[in-house]
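Before any comments, here is the structure.
Whatever order the structure lists them in is the order used to number ligands and atoms, beginning at 1.
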Amino acid sequence: MNTRFDAIIIGTGQAGPSLAGRLAGAGMKVAIVERKLFGGTCVNTGCIPTKTMVASAYAVQMARRAADFGVVIDGGVHVDMARMKARHDAISGVSRKGVAHWLEGMKNCTVYRGQARFESPWEIGVGGESLASDRIFINVGGRAVVPSMPGLDQIQFLTNSSMMGVDFLPKHLLIVGGSYVGLEFGQMFRRFGSEVTVVEMAPRLTHREDEDVSDAIREILEGEGIRIRLNAKCIGFSRRGGEILTHMDCSETPKEIDCTHVLLAVGRRPNTDDLGLDRAGIEVDERGYILVDDELRTNVPGIWALGDCNGRGAFTHTSYNDFEIVAANLLDHDPRRVSDRIAAYALYIDPPLGRAGMTDAEVRRTGRKALVGKRPMTKVSRAVEKGETQGFMKVVVDAETLQILGAAILGTGGDEVIHSILDVMYAKAPYTVIERAMHIHPTVSELIPTMLGELKPLAP
Ligand SMILES: Cc1cc2nc3c(=O)[nH]c(=O)nc-3n(C[C@H](O)[C@H](O)[C@H](O)COP(=O)(O)OP(=O)(O)OC[C@H]3O[C@@H](n4cnc5c(N)ncnc54)[C@H](O)[C@@H]3O)c2cc1C
């Protein structure tokens, strides 16, 4: 015997709860299943706790720099790690409980706790019960990749999830992976007071960004005393007394590094391996991501996949946008598509990197004629006043249509400022719209029109 619903949602990440709200609000009888923590990765082990920790790291950094601003702090400055952890636990906890209470109190919605598995294309098993529906929405997210590196089984390593339990200061944190997750943790723990080494297999950090962005990020992090080892091949581990010895064949010395803790930040994998997808005939790619079309439908009619598990985005805003696309198509007769959206994200080191659209390298690969504008943050008066002049901003424009193709703002406020460019990109307006706009002084945004007034041809 199974219990029938108008819709079943698996996972309470960034798409599931909002979709439950829309479907239940439209009068459908909805079931939502969660196996672990309400709110998923962002709320519990991702964006919210890490950005809360980044705020602690910024506070201690500003305290250390207090004298630069004429501020006197008598006595030393250090981080109380237990209180830092208590702060991010509390902030995540409010969100987690908020999601749980919202779903539990939602009219027409039944919450199931447990591991959901497909029994057939229209049936889900959870905790000995069977639920059935003609509409099933998969929002199961992902988890940290644990690579097969020699010696990894002999050491205790950390991932973004177990980092949430760290209420002490690691003496020397070695981070495998020089991309978004690794660099955010790296800078914050360096600021908390740990020695930090970042080991990256690629020849540069954040290798999907343009080289000038990667180089500037490296300079910022090395300037704070983070050691960076690039081109690390054949990474392996062994124990030496109480310490962990990390072996690598790097283009840069040394080839072995002692550390006390290892954080793996080498990528994410979708939570699709224990979902019984084969029993529903749902197709995945070679990495386990569920294949979807432009409206997020899987190959099986009546089954959709939203969020990180479909490989079409790896962010909270892409998952939430997936919810908006599915809800618009199902409930509003509004044909929204994944291909309507423009890539946008931020890297929350300090100063942050805000990104929209294509990199210069991607624009070059299209072969089109383009113009580029660039301005160092040393020439942005707000940055000078704040004493935060690291980084630069740049924008690339199509020379024929005059539309903005992409932008990177690595500098103070970059995560917010990027939106003035992103919104003009969505409007498909020519760059001259921002070039002629009057922006507020003194802000970082006020220099965007100036930068756009100084465009030069993009070098091939
Ligand atoms: C350290 C870190 C920092 C990040 N920072 C940012 C950031 O600043 N900005 C940003 O936009 N993104 C950030 N992200 C990415 C962001 O967290 C994810 O993109 C986002 O949470 C994905 O949401 P989702 O809806 O796909 O699924 P998730 O949030 O992962 O939720 C999936 C849910 O499904 C549940 N589930 C899985 N399988 C089953 C099953 N079989 N049965 C029942 N329940 C199941 C899980 O328990 C989980 O609760 C960060 C990620 C990490 C790791």
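The stretch residues 92-109 participates, sequence neighbours left out, in these salt bridge (charged side-chain N to carboxylate O under 4.0 Å, His left out) pairs: Glu104-Arg113.
Residues satisfying the disulfide bond (SG atoms under 2.5 Å apart) test with Cys42, not counting sequence neighbours, are Cys47. Shown here are the salt bridge (charged side-chain N to carboxylate O under 4.0 Å, His left out) partners of Arg341, two or more places apart in sequence or in another chain: Asp322.
Without hydrogens or angle criteria, Ser319 side chain to Thr316 main chain gives no donor-acceptor distance under 3.5 Å.
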List ligand 1's nitrogen or oxygen atoms that come under 3.5 Å of a protein nitrogen or oxygen, with the partner atom and distance.
| residue | atom | partner | partner atom | Å |
| --- | --- | --- | --- | --- |
| ligand 1 | 5 (N) | Lys51 | NZ | 3.2 |
| ligand 1 | 8 (O) | Lys51 | NZ | 2.8 |
| ligand 1 | 11 (O) | Thr316 | N | 2.9 |
| ligand 1 | 11 (O) | His317 | ND1 | 3.3 |
| ligand 1 | 12 (N) | Thr316 | N | 3.4 |
| ligand 1 | 19 (O) | Asp308 | OD1 | 2.9 |
| ligand 1 | 19 (O) | Asp308 | OD2 | 3.0 |
| ligand 1 | 19 (O) | Ala314 | O | 3.1 |
| ligand 1 | 19 (O) | Phe315 | N | 3.2 |
| ligand 1 | 21 (O) | Cys42 | N | 3.2 |
| ligand 1 | 25 (O) | Gln14 | N | 2.8 |
| ligand 1 | 25 (O) | Asn139 | ND2 | 2.8 |
| ligand 1 | 25 (O) | Ser319 | OG | 2.7 |
| ligand 1 | 26 (O) | Asp308 | N | 2.7 |
| ligand 1 | 29 (O) | Thr41 | N | 2.9 |
| ligand 1 | 30 (O) | Thr41 | OG1 | 2.5 |
| ligand 1 | 34 (O) | Asn139 | O | 3.4 |
| ligand 1 | 38 (N) | Arg35 | NE | 3.4 |
| ligand 1 | 41 (N) | Gln115 | NE2 | 3.0 |
| ligand 1 | 41 (N) | Ala116 | O | 3.1 |
| ligand 1 | 42 (N) | Ala116 | N | 3.0 |
| ligand 1 | 44 (N) | Arg35 | N | 3.2 |
| ligand 1 | 47 (O) | Glu34 | OE2 | 2.6 |
| ligand 1 | 49 (O) | Glu34 | OE1 | 2.7 |
| ligand 1 | 49 (O) | Glu34 | OE2 | 3.0 |
| ligand 1 | 49 (O) | Leu37 | O | 3.3 |

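Of the N and O atoms on the side chains of His207 and Ser214, not one donor lies less than 3.5 Å from an acceptor on the other residue.
The aromatic rings of Phe315 and His317 lie parallel to each other, their planes meeting at an angle below 30°, with 60° marking the opposite boundary.
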